[in-house]
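For clarity, every value in this text was computed on a predicted model and none was experimentally measured.
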Amino acid sequence: FLTGLSLSSIATSMNVKAGGNYYLISRSLGLEIGGAIGIPLYLSQAISVAFYIIGFVEASAAIPFLNTLDPQILATCVALMFVVIAYVGADFALKIQFGILAILVAALVSFFAGGWGDIGSPNMAASYTDGVSFWVVFAVFFPAVTGIEVGISLSGDLKDPSKSIPRGTIASIVVTAVVYILAAVWFATHADPMTLIQNTAAMADISAVPILILAGVAASTLSSALGSVLAAPRTLQAVSLDRVVPRWMASQMGSATEPRAAVLLTGVVAVAVIWAGDLDVVAPIITMFFLNTYGMVNLVAAIEKAVGNPSFRPTFAVKWWVPALGALGCYGA
């Protein structure tokens, strides 16, 4: 939430162009720091494509036919399909997201509509298996709150970034926070900790219409993967146009709008990660990259506000200590 406020503040103080967080940081602190953040940011977004697809494949174990396929081959096929969609264009991909949103809403309604006759007293106490702690769970869960990067990374495609970014970012954080907290409470009133640890289908067991949960998990993971496959190439394109990496990486290869060379490179990274590790291995790497990016965004907002930079005039203003707390939280974690 603090990072969302910082993002919104910086985004409303300048004419935001393609590159999202990289653009904000590099235009505030210079290309050296921008590039040092931009390259890991791109890698984290590209790795996220694989992360979400691996999540989809793990969930598809309960789907007939798909559970008979080799998981890595299935994940590779999905990744290649998304590369083709991103290669065609963001407009086409964003239209798909509306259908995905409808499935997600239906899945959530099904989850909260189920289990009304079986509500127990909530057990919200922490319960970890051997070798697992709060920080292990934090590292695996944190990618679930990196979706706010996608909106800012599509800044070059927005009609009015200064208005859309604060509204979209803050609204997405608030809505998802409410859903996540309510889901945690609903789980705690319907299952004991060991059941939740061992049974990955616990959500479907609680819901009114279990098949909708399967559809929702598929929709949410594929939606996130699709968002990342659109965001990552645009970050790389912006880094490349600033000559931080070779200029050919920004090539649009005949397209008027799409960074196609970067899309193909992102596909290569995603497929390599799919064949390299599982969900719990990939998640902490993404978390570290994103924490660094979030921390730097907060640092930019705090420094600009604290030194009273005359060119820093955000229409969405926050006190300097808000981003300072955000930076402290990110680098502390």
Side-chain angles (χ1 to χ4, degrees), residues 1 3-4 48-49 51-64 66-67 78 82 93-124 127 137-138 140-151 154 164 167-193 195-231 279 283 286 290:
F1 182 66
T3 305
S48 292
V49 178
F51 173 77
Y52 294 122
I53 291 172
I54 292 168
F56 162 72
V57 170
E58 286 193 6
S60 69
I63 302 172
L66 290 182
N67 58 11
V78 174
F82 279 0
L94 290 171
K95 283 171 186 168
I96 296 172
Q97 296 282 38
F98 287 107
I100 288 172
L101 179 62
I103 296 169
L104 279 178
V105 170
L108 287 170
V109 169
S110 170
F111 175 56
F112 290 113
W116 281 95
D118 189 31
I119 300 174
S121 57
N123 178 7
M124 299 295 285
S127 181
V137 177
F138 175 88
V140 174
F141 179 79
F142 192 81
V145 295
T146 59
I148 61 169
E149 294 283 334
V150 175
L154 293 172
S164 302
R167 286 182 181 177
T169 302
I170 302 303
S172 68
I173 292 169
V174 171
V175 171
T176 49
V178 169
V179 171
Y180 288 161
I181 292 165
L182 288 178
V185 173
W186 202 239
F187 271 130
T189 56
H190 287 83
D192 63 86
T195 300
L196 294 175
I197 289 168
Q198 294 167 357
N199 181 12
T200 54
M203 198 173 200
D205 294 343
I206 296 166
S207 73
V209 186
I211 194 71
L212 280 177
I213 300 299
L214 288 176
V217 170
S220 63
T221 49
L222 294 179
S223 163
S224 299
L226 193 54
S228 297
V229 88
L230 294 177
L279 207 66
I286 297 172
F290 272 117

*Asks:* Name the atoms and distances for all side-chain donor-acceptor pairs under 3.5 Å in residues 170-185, with sequence neighbours left out.
*Replies:*
residue, atom, partner, partner atom, Å
Ser172, OG, Gly168, O, 3.2
Ser172, OG, Thr169, O, 2.8
Thr176, OG1, Ser172, O, 2.6
Thr176, OG1, Ile173, O, 3.2
Tyr180, OH, Ala144, O, 3.0

*Asks:* Side chains of residues 213-227: which donor-acceptor partners sit under 3.5 Å, not counting sequence neighbours?
*Replies:*
residue, atom, partner, partner atom, Å
Ser220, OG, Gly216, O, 3.2
Ser220, OG, Val217, O, 3.1
Thr221, OG1, Val217, O, 2.7
Thr221, OG1, Ala218, O, 3.1
Ser223, OG, Gln97, OE1, 3.0
Ser224, OG, Ser220, O, 3.0

*Asks:* Can you establish whether the number of heavy atoms outside Leu101 located under 6.0 Å from its atom CG is more than 12?
*Replies:* yes
*Asks:* My understanding is that only residues two or more places apart in sequence, or in another chain, count here; which of them pass side chain to side chain contact (heavy atoms under 4.5 Å, CB included) with Asp205?
*Replies:* Asn199
*Asks:* Check side chain to side chain contact (heavy atoms under 4.5 Å, CB included) between Ser228 and all other residues, then give those that pass, not counting sequence neighbours.
*Replies:* Ser48, Val49, Tyr52
*Asks:* Can you list everything that forms a side-chain hydrogen bond (donor to acceptor under 3.5 Å, both in side chains) with Thr195? Sequence neighbours excluded, please.
*Replies:*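 side-chain hydrogen bond (donor to acceptor under 3.5 Å, both in side chains) check on Thr195 returns Asp192.
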*Asks:* Taking all non-hydrogen atoms of both residues into account, name the closest pair between Val140 and Phe51 and its distance.
*Replies:* O-CZ, 4.2 Å
*Asks:* In this structure, are over 12 heavy atoms from other groups packed under 6.0 Å from Phe141 atom CZ?
*Replies:* yes
*Asks:* Show the atom names and distances, to 0.1 Å, of all donor-acceptor pairs under 3.5 Å that link a side chain in residues 102-122 to residues at least two apart or in another chain.
*Replies:*
residue, atom, partner, partner atom, Å
Ser110, OG, Val209, N, 2.9
Ser110, OG, Val209, O, 3.1
Trp116, NE1, Phe112, O, 2.8

